Amino acid sequence: MSLFRKKNNFSRPIPEHIAIIMDGNGRWAKKRSLPRSAGHAAGSKNFKDIARYCNKIGLKYLTVYAFSTENWKRPKEEVDNIMNILRDYLKDAKNFKDENIKVKFIGNLEPLADDIKVLIDDAEKESQNATGLHLNIALNYGGRDEIVHAVKRIINEGIPESEITEQTVCDRLYTAGQPDPDFIIRPSGEYRLSNYLIWQSAYAEYWFSDILWPDFKPKHLETAIEEFNHRNRRYGGV
Ligand code: FPP
C-alpha cells in the first residue's frame, strides 16, 4: 500500500489556500421567518462541517470571514449573538486538536472581550502542533486595517525606505508566513470582496454563487474546486 495515498478524488491538485466569505445567514433566516440569530447558528454549524470537509480532502489553508471591522455597526443584540456563538465554538477548543486542525485568529483582537481573548489564546496554543488543516478565522478583521497595522509596524521598527519591499509588508500582515489564498469563494449572490484579504487576494481566482452560506455544502465546494482546477492562471504573463 502506498504511503502517499490520495486524500480526495479531485481530477487535479486542489488549491492550497481557500478563503470564504460566509455570507447570507440573515437572508437564510428571513426566508424561513426565523430570527437572524437562527441564521448565524446555522451558519456556524455549516462552518464546522465545511472546515471538517476541507481537512478531510487535505486542504492546507482555509480562511473564513467571521466578523469584520464593519460588523460592529450591527445592532448590539446581533453582535452579542455572534460573539456568543464564537464563545461556544472556542469552548470546544480541544476539538481542534482531536481533529488535527491548527487554528489561528487574524484581525485586531484587542477590542474583543477578555474572556474571548483567553479562549482564543487557549485554542491557538492547544492546536499549535496539529499537522492537518491550517484554519484562519478572521475576527474584527479588515483588509485596510491590516495594511495600516503593517505600515505602523514597519515605521516602528525603523526600517529604511530603501529596504522596503512587498515582502516587508507581507511579513507584517496577520497572515505572515502563509501562502496567499489562491481561491476566494463568496456565496449569497454578492459580488464584492468587502475588505477581505485585499492585499493577499491580488492573484486569487474568485467563485461566486447565489447559495446562502448555511446551504453551502461540501458538494458545492467540490464543484467550485473542480472549476478552479480548470482555470488558466497566468499571473500577468501570457
Ligand atoms: C454574514 O451573513 C455573516 C456574518 C457577518 C457572521 C458570520 C458568522 C458566522 C457564520 C458564525 C461564525 C462562527 C464561528 C464559530 C467562526 P449576514 O448576516 O451578513 O447575512 P445577510 O447578508 O443575509 O444579512
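From a predicted model like this one, the values you see are computed outputs, not experimental measurements. Just so you know, ligand 1 is whichever comes first in the structure, and atom 1 is the first atom listed for that ligand.
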Can you find a non-hydrogen atom of Arg36 under 4.0 Å from ligand 1? yes

Would you please determine whether Arg74 falls within less than 4.0 Å of ligand 1 on a heavy-atom basis? yes

Element-labelled atoms of ligand 1 that are located less than 4.0 Å from some non-hydrogen atom of [X]:
X     : answer
Arg27 : 21 (P), 22 (O), 23 (O)
Gly43 : 10 (C)
Met22 : 1 (C), 2 (O), 3 (C), 10 (C)
Tyr89 : 15 (C)

Looking at ligand 1, does any of its N/O atoms fall within less than 3.5 Å of an N/O of [X]?
X     : result
Ile82 : no
Asn71 : no
Asn25 : yes

For [atom], grab the closest protein heavy atom and report residue, atom and distance to one decimal in Å.
atom                    : result
atom 6 (C) of ligand 1  : Ala66 O, 3.4 Å
atom 20 (O) of ligand 1 : Gly26 N, 3.0 Å
atom 13 (C) of ligand 1 : Ile85 CG2, 3.9 Å
atom 11 (C) of ligand 1 : Ser44 CB, 4.1 Å
atom 4 (C) of ligand 1  : His40 CE1, 4.0 Å

Between Tyr191 and Phe208, how do the two ring planes meet: parallel, tilted or perpendicular, split at 30° and 60°? tilted

In terms of ring plane angle, is the pair Phe67 and Trp72 parallel, tilted or perpendicular, where the classes change at 30° and 60°? perpendicular

Aromatic ring proximity, centroids under 6.0 angstrom, Tyr141 and Phe105: no

Per side-chain hydrogen bond (donor to acceptor under 3.5 Å, both in side chains), Arg172 is matched among Gln167, Glu157, Glu146 by Glu157

Think Arg32 forms a cation-pi with Trp28, using NZ or CZ under 6.0 Å from the six-ring centre and within 45 degrees of its axis? yes

Check this for me, if you would: do Asp122 and Lys125 make a salt bridge, where the nitrogen-to-carboxylate-oxygen distance has to be below 4.0 angstrom? no

Taking only Lys NZ, Arg NE, NH1 and NH2, and the carboxylate oxygens of Asp or Glu, determine whether Lys117 and Asp121 approach each other closer than 4.0 Å. no

In sequence, state the C-alpha distance, the side-chain angles, and the governing distance for Leu135 and Lys104, and then conclude on side-chain contact (heavy atoms from CB on, under 4.5 Å). CA-CA 6 Å; Leu135 171 64; Lys104 178 178 167 64; over 6 Å; no

With backbone taken as N, CA, C and O and side chain as the heavy atoms from C-beta onward, which portion of Trp28 lies under 4.0 Å from ligand 1: side chain, backbone, both, or neither? neither

Heavy-atom check, side chain of Tyr65 versus side chain of Met22, under 4.5 Å: no

For the residue pair His17 and Thr63, confirm or rule out a side-chain donor-acceptor distance under 3.5 Å. yes

